[in-house]
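Encoded as structure tokens, the structure appears first; notes follow it.
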There are 2 protein chains.
Amino acid sequence: MRNSDSTWQRLTEHKSKHGLKTSGKRSFVINYFIEADRHFTVEELYDEIKKIRPKISYSTVYRALRLLTHCGLAYECTFADAVVRYEPAHQAEHHGHLICRRCGKIIEFENDKIERLQKNVARKYGFRVSTHKLELYGLCKKCREANKERRQ
Amino acid sequence: MRNSDSTWQRLTEHKSKHGLKTSGKRSFVINYFIEADRHFTVEELYDEIKKIRPKISYSTVYRALRLLTHCGLAYECTFADAVVRYEPAHQAEHHGHLICRRCGKIIEFENDKIERLQKNVARKYGFRVSTHKLELYGLCKKCREANKERRQ
DNA sequence: GTTGCTGCAAATGATTTGCAAGATA
DNA sequence: TATCTTGCAAATCATTTGCAGCAAC
């Protein structure tokens with residue numbers, strides 16, 4: 001399912017719809033993001049790409065991410081640290097995030113039951129839900145243990 | 001429960017702990033926010049306050065909101081429009097938001113079942129959850145009806 | 001050849017901060 | 001009097017944009 005033909009199809013459509021040309025640099029950024037299939041801050045993405053293709057500029061990374069957002073292949077997501085991150089859209093659609101407040105680790109999860117309950121709640125208020133965002137903040141196992149040790 | 005003595009107690013503690021003095025302007029902003037008991041962007045809060053106390057500056061509003069955040073009486077929350085909002089802490093702790101993508105209306109809700117399921121999921125991954133954030137985006141009843149009318 | 005893409009530097013917008021003057025303790 | 005608070009303007013930070021030169025069609 002992931003990064004399926006439909007991803008590339010959507011890109012092609014977007015390209016022809018907006019009269020875009022193909023460019024090696026932009027393609028590289030887009031591919032890198034899609035293949036990595038995980039969260040990035042702009043800085044993280046730029047730094048990783050710079051190691052491989054040092055001539056790609058910050059602007060190009062920004063512009064590629066904006067393109068991905070516009071054609072629905074990436075979502076902006078802002079966790080509690082107020083830093084903007086981008087995540088592959090197929091991931092964003094049906095999952096929540098577990099975020100460790102100490103080490104910053106981010107785990108994704110899915111849960112149909114929660115989703116069904118969300119829809120019920122929404123209906124009660126006359127809403128129809130199209131997307132949702134669920135973030136659970138706390139401490140992961142490692143960090144809880146690390147905290148314990150420090151206290152001893 | 002809301003805006004109980006403990007709110008003012010926490011403010012007093014924070015004041016003495018950090019050697020703050022009492023100032024009419026800062027108190028006004030803090031009071032206004034706490035009594036209003038709802039979400040604000042900085043701009044919204046500033047604009048409303050300016051009507052009543054025109055001599056209060058943007059900086060003062062910013063500084064008051066930072067103070068409230070630091071002593072745990074307000075939370076920053078960023079919905080999908082990427083605009084920073086502040087909300088009273090007692091509200092943030094146990095509820096989700098329903099957000100209409102068309103008119104921007106924000107409704108709060110609580111749901112124990114969802115919370116319990118969240119804790120279960122977290123446990124499965126070794127996490128202990130301290131706070132959570134649940135946002136459901138969609139269309140409210142009014143906006144769905146408005147959309148229908150336009151289509152006819 | 002026309003139009004899009006890129007890097008750079010400059011612009012923008014939100015937020016923070018330094019500082020001098022005013023207010024509180 | 002000593003220290004905190006305030007408004008203003010300047011600084012900062014992330015992000016966007018104008019433009020001249022390069023690249024794709």
Side-chain angles (χ1 to χ4, degrees), chain A residues 11-33 39-71 74-87, chain B residues 11-33 39-71 74-87:
Chain A
L11 278 171
T12 311
E13 268 171 34
H14 188 87
K15 250 174 65 175
S16 69
K17 194 168 161 189
H18 292 85
L20 306 185
K21 295 181 175 171
T22 304
S23 117
K25 290 175 180 177
R26 181 165 62 200
S27 300
F28 186 85
V29 178
I30 289 175
N31 269 291
Y32 192 92
F33 178 81
H39 300 94
F40 283 101
T41 64
V42 183
E43 203 186 355
E44 283 162 2
L45 184 56
Y46 172 70
D47 286 344
E48 290 187 26
I49 282 176
K50 198 168 58 173
K51 281 182 201 150
I52 315 173
R53 299 274 304 260
K55 297 233 173 125
I56 293 180
S57 74
Y58 234 109
S59 308
T60 297
V61 174
Y62 266 108
R63 290 192 262 230
L65 284 171
R66 187 167 29 171
L67 187 156
L68 285 166
T69 310
H70 280 165
C71 61
Y75 277 143
E76 286 191 359
C77 59
T78 310
F79 302 136
D81 60 4
V83 176
V84 177
R85 264 169 260 264
Y86 290 83
E87 75 172 337
Chain B
L11 277 171
T12 311
E13 269 172 33
H14 188 87
K15 249 175 66 175
S16 67
K17 195 169 160 188
H18 293 84
L20 306 183
K21 295 182 174 171
T22 305
S23 113
K25 289 175 180 178
R26 182 165 60 202
S27 300
F28 185 85
V29 178
I30 289 175
N31 270 291
Y32 191 92
F33 178 81
H39 300 92
F40 283 101
T41 64
V42 183
E43 201 184 357
E44 283 162 2
L45 184 56
Y46 173 70
D47 286 345
E48 289 188 25
I49 283 177
K50 198 167 58 171
K51 282 183 202 149
I52 315 174
R53 299 275 305 260
K55 295 232 174 129
I56 293 180
S57 73
Y58 235 109
S59 309
T60 298
V61 175
Y62 266 107
R63 289 193 261 232
L65 283 171
R66 188 167 28 171
L67 188 155
L68 285 165
T69 309
H70 281 165
C71 62
Y75 279 143
E76 286 190 356
C77 59
T78 309
F79 302 136
D81 60 4
V83 176
V84 176
R85 263 169 260 262
Y86 289 83
E87 76 171 334

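The model shown is predicted, which means the values in this text are computed figures rather than measured ones. Here is how names work: the chains are called A, B, and so on, in the same order as the sequence lines, proteins then strands, and each is numbered from 1. Both backbone and side-chain heavy atoms feed into the values below; hydrogens, waters and symmetry mates do not.
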Closest-nucleotide mapping onto DNA chain C: is B/Lys15 or B/Glu43 further toward the 5' terminus? I mean the 5' end. B/Glu43
Base of C/dT3, side chain of A/Lys21 - is there a donor-acceptor contact under 3.5 Å? yes
Nearest-nucleotide check on DNA chain C, B/Arg66 vs A/Ser23; residue mapping nearer the 5' end is A/Ser23
Begin from the C-alpha positions of A/Phe33 and A/Leu68 and carry the test side-chain contact (heavy atoms from CB on, under 4.5 Å) through to its verdict. CA-CA 9 Å; A/Phe33 178 81; A/Leu68 285 166; 3.6 Å; yes
Check the distance between C/dA14's C1' and B/Phe40's CZ and give it to me in whole angstrom. 19 Å
Show the nearest heavy-atom pair for residues B/Tyr46 and B/Ile56, with the distance to one decimal. CE1-O, 3.4 Å
Spacing of B/Lys55 atom NZ relative to C/dA23 atom P, expressed in whole Å: 10 Å
Between CG of B/Leu45 and C1' of C/dT15 the distance, given in whole Å, is 15 Å
Take the protein atom OH of B/Tyr46 and the nucleotide atom P of D/dT6, then report the distance between them rounded to whole Å. 14 Å
May I have the distance from A/Leu65 (atom CG) to C/dC5 (atom P), rounded to whole angstrom? 16 Å
Are OP1 or OP2 of C/dG7 and a side-chain N or O of A/Lys25 less than 4.0 angstrom apart? yes
Does A/Gly24 or A/Glu76 map to a spot on DNA chain D nearer the 5' end, using the closest nucleotide for each? A/Glu76
Quick one: is A/Ser59 getting a side-chain N or O under 4.0 Å of the C/dC8 phosphate, OP1 or OP2? no
With a 4.5 Å cut-off on side-chain heavy atoms, are A/Phe40 and A/Leu65 touching? no
Less than 4.5 Å apart, any side-chain heavy atom of A/Val84 and any of A/Val42? no
Short side-chain N/O contact from B/Thr60 to OP1 or OP2 of D/dG7, under 4.0 Å: yes
Out of C/dG7, D/dG7, D/dT15, which nucleotide sits closest to the side chain of A/Tyr62? D/dT15
Roughly how many Å is it from NZ in A/Lys50 to P in C/dG7, rounded to a whole number? 13 Å
Value in whole Å for how far the P atom of D/dT6 lies from CZ of B/Arg63: 7 Å
For the student: nearest non-hydrogen atoms of B/Lys25 and B/Lys55, plus distance: NZ-O, 3.8 Å
Give the rounded distance in Å between these two atoms: CZ of A/Phe28 and P of C/dT6. 13 Å
Side chain of B/Arg26, heavy atoms from C-beta onward: which of D/dA14, C/dG7, D/dT5 has the nearest atom to it? D/dT5
